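Please read the structure below before turning to the comments.
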Amino acid sequence: MSLIDKYNRTIKYLRVSVTDRCDLRCFYCMPKGFDGYEEPDDWLNYTEIERIIASFTRLGVNSVRITGGEPLVRKNLPDLITRLAALPGLDDLSLSTNATQLGKHAQALYDAGISRINVSLDTVNPDKFNEITQGKLEKVTNGLLTAKAVGLDPIKINMVIMKGVNDDDVEDMVEFCMNNGFTLRFIETMPVGDTGRNAIDYYIDLHEIEHRLAQKYELIPAVMKGAGPARYVQVADTNLKIGFITPISQHFCDTCNRVRLSATGTLYMCLGDEYKYELRTILRQGVSDDELDQIIRDAINLKPLKHEFNEKPEKVMRFMSMTGG
Ligand code: SAM
Ligand code: SF4
């Protein structure tokens with residue numbers, strides 16, 4: 001069974017948000033003082049999430065990433081992971097987190113079946129970290145070290161690069177990742193929600209960063225398993241791999257293999273568009289497994305050919321933590 005959209009792309013990857021809440025406030029993601037969260041009663045419960053993911057796996061999806069908001073603010077997340085890890089056909093179960101609570105939860109997540117994680121970290125300067133996120137860097141570094149100690153591997157650090165904000169932290173971040181055995185990925189700022197649109201003022205084409213790093217290090221083209229849209233290089237004579245995720249300067253929509261499920265059960269076909277299908281209502285009305293599979297097949301045809309971040313940056317109203325980044 002395969003899930004193929006009308007542009008002949010096979011969908012193999014689902015991102016699942018388990019909450020739109022977060023314990024940080026990265027300024028390019030969540031509005032300052034925001035408290036307009038979804039009600040927990042409207043979140044999919046773990047049985048509903050498991051049913052939807054089971055349907056996707058029957059349709060050929062073999063890779064699922066749990067995200068948010070901050071997924072670790074949702075209670076008993078390892079219980080969900082244990083249930084998902086037992087689903088036939090699901091080969092790859094990963095997590096995106098800001099790592100503030102990884103110190104507490106890394107072992108339980110690993111035991112439940114998370115093998116690899118992505119951690120959002122835009123600087124290793126404690127004051128700047130606080131300016132960007134309103135949080136404490138120490139919690140994140142503790143979380144990262146615990147994650148490494150329990151055996152989560154690879155650990156990929158996602159750094160959104162913003163001119164005049166953290167572009168001068170790139171070399172420190174390279175050293176940090178090199179010394180700790182983490183993979184480093186740079187991401188271009190995207191105009192999602194008003195927060196993302198405001199941050200577009202700090203946009204940098206990542207090719208500029210790559211050229212700068214190439215003055216200091218020898219960069220060799222590299223590949224990374226489960227790489228998704230990142231293009232990788234390796235720093236010669238080290239184990240450090242660096243990925244470039246360039247949705248704005250060089251989009252990768254023609255090979256897009258993913259869709260996203262929000263915490264309240266909305267299936268979003270594209271990060272950069274409003275095409276969506278609401279699954280919560282039909283689940284709560286008692287849809288059968290066969291009907292659910294068919295509804296997902298049909299919904300996939302809503303997936304657009306490409307995002308329009310460059311042509312229509314005003315298009316996406318929801319900010320990243322609402323969709324599930
Ligand atoms: N809280 C978790 C975290 O921070 O990793 C998971 C959710 S977060 C929304 C997922 C990713 O989206 C993070 O790496 C974050 O930096 C990125 N992100 C949020 N807003 C963005 C924007 N406007 N442009 C580019 N990346 C963004
Ligand atoms: Fe929270 Fe992640 Fe958004 Fe930062 S990027 S505010 S950590 S959801």
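Indexing begins at 1, ligand by ligand and atom by atom, following the structure's order. Not measured: the values here are computed from a predicted model.
Judged as a ring pair (Phe, Tyr, Trp, His ring centres under 6.0 Å), and not counting sequence neighbours, Tyr28 has no contacts.
One hydrophobic cluster, built from ILVMFWY side chains closer than 4.5 Å, holds both Ile11 and Ile49. Phe34 and Val73 are not part of a single hydrophobic cluster, where members link through side-chain heavy atoms under 4.5 Å apart.
The pair Lys128-Asp168 meets the salt-bridge criterion, with a side-chain N (NZ, NE, NH1 or NH2) lying under 4.0 Å from an Asp/Glu carboxylate O.
Protein heavy atom in closest approach to atom 3 (Fe) of ligand 2: Cys29 SG, 2.4 Å. Looking at atom 2 (Fe) of ligand 2, its nearest protein heavy atom turns out to be Cys22 SG, 4.5 Å.
Using a distance-only test at 3.5 Å, with no hydrogens or angles considered, a donor-acceptor pair links the side chain of Arg9 to the main chain of Cys253.
The distance from atom 1 (Fe) of ligand 2 to the nearest N/O/S atom of Cys26 is not under 2.8 Å.
Between the side chains of Ser55 and Asp293, a donor-acceptor pair is found at a separation under 3.5 Å.
Annotation: Asn8, atom CG; neighbour count of heavy atoms from other residues, nucleotides and ligands within 6.0 Å does not exceed 12.
Separation of atoms CD1 (Ile157) and CG (Leu144) is listed at 4.5 Å; rounding is to 0.5 Å.
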Between the protein and ligand 1, are there any N or O atom pairs that come within less than 3.5 Å of each other, and if so, what are their names and distances?
unit_1	atom_1	unit_2	atom_2	d
ligand 1	1 (N)	Gly69	O	3.0
ligand 1	1 (N)	Glu70	OE1	3.2
ligand 1	4 (O)	Ser120	OG	3.4
ligand 1	5 (O)	Thr97	O	3.3
ligand 1	16 (O)	Tyr28	OH	3.1
ligand 1	16 (O)	Ser120	OG	3.4
ligand 1	23 (N)	Tyr28	O	3.3
ligand 1	23 (N)	Met190	O	3.0
ligand 1	24 (N)	Met190	N	2.9

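Proximity of Gly69 to ligand 2 is established by a heavy-atom distance of less than 4.0 Å.
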